[in-house]
Amino acid sequence: MQFTQSNLNVGELATGQELSIPVYRVAAKDPSAPSVFVQANVHGAEVQGNAVIFQLMKQLEAMDVRGEVTLLPLANPLGINQKSGEFTLGRFDPITGVNWNREYLEHSIDIPAFYQQHCHLDDTQLKQQFRLALLASCEANLANPWGVTTGKRLAVTLQTLAHQADIVIDLHTGPKSCKHLYCPEYDRDSAKFFSIPYSLIIPNDFGGAMDEAAFCPWWALVEHAASQGRKMPVPVAAFTLELASQERIDMQDALVDAQGILAYLSHRGVINNKVVPADMPRFGCLLKDYKKYHAPKGGLVEYLAQPGRPLKAGEPLANILRLDCYGTEDELTSLQLEQDCVPILHFASASVYQGTELYKLMTNVFTIG
């Protein structure tokens with residue numbers, strides 16, 4: 001089995017040059033098998049997902065792939081090439097300042113009206129018609145006679161590919177981070193397949209990210225159908241995998257994460273090969289219990305709590321050094337929290353303003369498995 005390669009146009013530069021990115025695809029052998037879309041590098045510095053896609057391709061070439069698989073590395077050429085010295089700044093659209101991963105389209109489809117028009121269809125036909133409606137909504141947005149922003153054009157073009165799949169996986173990394181997974185509330189059992197120790201269980205609230213753009217419309221359709229007495233599973237699964245820290249490539253670690261994705265695809269019947277999930281403890285928390293800790297003062301930060309290592313209440317989180325206060329009690333401030341937690345990521349720089357988001361931490365942690 002080999003992948004075919006094509007190029008996807010996602011915009012144009014001021015000089016008129018076309019922005020295009022490679023797309024790799026395997027056609028379905030079994031039309032009833034789920035289809036998959038995996039993308040990486042929507043944020044410029046978050047490059048590890050490309051290594052995971054590489055390892056996925058190497059593994060899949062030797063496997064019996066039943067469902068269509070579409071892989072899209074290097075998803076944001078503008079962000080990837082937005083450099084300042086040795087650092088990649090490509091997290092925000094430099095024109096609008098909007099996060100590249102918050103530009104996806106929230107559809108304005110009238111779910112009750114759609115369902116009333118199509119409720120006579122069986123589940124497969126209803127799914128086909130709703131997918132066509134989502135794709136038509138994307139097409140209409142891109143054809144807006146007033147135009148769309150650079151970021152919105154990129155995002156909705158990617159979203160058009162994602163809406164053609166039953167499984168959507170978006171690969172990211174954090175600044176200084178441990179691995180963690182964003183998993184829909186209705187699909188939390190799926191977290192046990194990925195090679196990731198921590199999962200954030202997210203509700204059906206659209207916040208602009210790809211995973212939400214993929215599953216929220218379907219969840220809304222299923223909930224409305226249930227209110228009309230019809231039970232049906234949510235047809236689309238979507239996950240965001242955070243693959244540790246940005247600005248790094250680790251091929252061996254990428255293979256571990258590729259194996260976790262393959263374990264999930266094996267479970268779903270996308271591949272006809274048996275891939276067993278990694279034997280590891282897995283923990284989760286609800287998104288509402290995922291807390292941000294902001295710097296109480298400006299200064300230079302010594303990050304003491306390591307991402308992925310549980311922190312007991314009262315244990316040191318960080319120190320803030322203030323050389324302008326040398327010789328006073330404010331020269332070195334120790335920071336602690338009043339509850340048990342798991343630090344997941346921290347700010348990349350040691351130099352911070354007052355109010356900078358220093359850490360993101362899981363609280364009220366529970367076991368998944």
Side-chain angles (χ1 to χ4, degrees), residues 46 48 172-205 207 209 211-212 239-246 248 253 256-257 260 277-322 329-369:
E46 301 181 12
Q48 177 68 1
H172 286 260
T173 63
K176 299 295 183 181
S177 175
C178 69
K179 294 180 186 180
H180 54 292
L181 167 74
Y182 286 85
C183 182
E185 194 171 38
Y186 69 85
D187 205 12
R188 70 163 67 188
D189 285 347
S190 293
K192 65 188 178 185
F193 293 96
F194 298 97
S195 302
I196 292 182
Y198 296 104
S199 293
L200 297 164
I201 309 303
I202 59 177
N204 184 24
D205 295 323
D211 53 358
E212 299 156 347
F239 310 94
T240 296
L241 278 59
E242 300 278 355
L243 307 168
S245 301
Q246 63 191 25
R248 64 182 273 275
D253 199 30
V256 171
D257 290 313
D279 183 11
M280 60 186 294
R282 293 173 175 85
F283 305 93
C285 84
L286 301 179
L287 189 63
K288 68 180 181 66
D289 294 324
Y290 190 43
K291 303 297 186 182
K292 299 176 181 179
Y293 181 81
H294 299 89
K297 59 173 66 177
L300 307 178
V301 179
E302 179 186 17
Y303 297 97
L304 299 175
Q306 296 302 306
R309 294 184 183 177
L311 188 72
K312 292 291 186 181
E315 289 184 340
L317 179 70
N319 289 323
I320 296 185
L321 174 65
R322 287 284 296 266
E329 62 181 13
D330 294 323
E331 63 183 12
L332 191 66
T333 302
S334 177
L335 305 177
Q336 300 90 24
L337 296 174
E338 296 180 356
Q339 66 182 115
D340 295 351
C341 61
V342 179
I344 298 297
L345 59 83
H346 67 70
F347 193 62
S349 175
S351 176
V352 303
Y353 292 153
Q354 184 182 42
T356 294
E357 183 183 291
L358 290 187
Y359 277 91
K360 287 185 177 179
L361 313 104
M362 289 172 55
T363 64
N364 298 323
V365 177
F366 51 81
T367 300
I368 293 176

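Numbers for residues simply follow the sequence, beginning at 1.
- Without hydrogens or angle criteria, Ser195 side chain to Ala278 main chain gives no donor-acceptor distance under 3.5 Å.
- Glu242 and Gly174 get closest at one heavy-atom pair: OE1-N, 3.6 Å.
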Scan the side chains in residues 291-304 for donor-acceptor partners under 3.5 Å anywhere in the protein, sequence neighbours excluded, and list what turns up.
unit_1: Lys291; atom_1: NZ; unit_2: Lys288; atom_2: O; d: 3.2
unit_1: Lys297; atom_1: NZ; unit_2: Thr333; atom_2: OG1; d: 3.1
unit_1: Glu302; atom_1: OE1; unit_2: Asn319; atom_2: ND2; d: 2.9
unit_1: Tyr303; atom_1: OH; unit_2: Ser349; atom_2: O; d: 2.7

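- With sequence neighbours excluded, the residues forming a side-chain contact (heavy atoms from CB on, under 4.5 Å) with Glu315 are Leu311, Lys312, listed by chain and number.
- Going from atom CG of Leu200 over to atom SG of Cys285 covers 5.0 Å, rounded to the nearest 0.5 Å.
- Between Asp340 and Ala313, the shortest heavy-atom distance links the atoms OD1-N, 2.9 Å.
- The CG atom of Leu241 sits 11.5 Å away from atom CD of Gln48, with the distance rounded to the nearest 0.5 Å.
- The side chain to side chain donor-acceptor pair (under 3.5 Å) contacts involving residues 173-183 comprise Lys179-Asp253, Lys179-Asp257, where partners must be two or more places apart or lie in separate chains.
- Applying the side-chain hydrogen bond (donor to acceptor under 3.5 Å, both in side chains) rule to Ser334 yields the partners Gln336; only residues at least two apart in sequence or on another chain are considered.
- In this structure, the side chains of Ser199 and Arg188 stay at 4.5 Å or more apart for every pair of heavy atoms.
- Residues forming a salt bridge (Lys or Arg N to Asp or Glu O under 4.0 Å) with Asp289 (at least two apart in sequence, or on another chain): none.
- What you find for Cys341 and Thr363 is that their closest heavy atoms are CB-CG2, 4.1 Å.
- Residue Pro343 comes nearest to Arg309 through the heavy atom pair CD-O, 3.2 Å, listed as atom of the first residue, atom of the second, then distance.
- Distance CD/Gln339 to CG/Asn364: 6.5 Å, rounded to 0.5 Å.
- Between Ile320 atom CD1 and Leu358 atom CG the span is 6.0 Å, to the nearest 0.5 Å.
- Residues passing the ring pair (Phe, Tyr, Trp, His ring centres under 6.0 Å) test with Tyr186 are Phe215, Trp219, sequence neighbours excluded.
- Note that NZ of Lys192 and CG of Leu181 are 13.5 Å apart. Values are rounded to the nearest 0.5 Å.
- Shown here for Tyr359 and Ala318, the closest heavy-atom pair between the two residues is CE1-CB, 4.3 Å.
- The heavy-atom pair separating Phe347 from Ser351 by the smallest distance is CE2-O, 4.1 Å.
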The test is side chain to side chain contact (heavy atoms under 4.5 Å, CB included); show your working for Phe239 and Ile196 and say whether it passes. CA-CA 12 Å; Phe239 310 94; Ile196 292 182; over 6 Å; no
For a side chain to side chain contact (heavy atoms under 4.5 Å, CB included) check, start with the C-alpha distance between Ile202 and Thr240, then their side-chain angles and the critical distance, and finish with the verdict. CA-CA 11 Å; Ile202 59 177; Thr240 296; over 6 Å; no
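- Side chain of Tyr290 to main chain of Ile344: no donor-acceptor pair is present (N/O by atom type, distance under 3.5 Å, no hydrogens or angles).
- For the atom pair SG (Cys183) and CZ (Arg282), the distance works out to 11.5 Å, reported to the nearest 0.5 Å.
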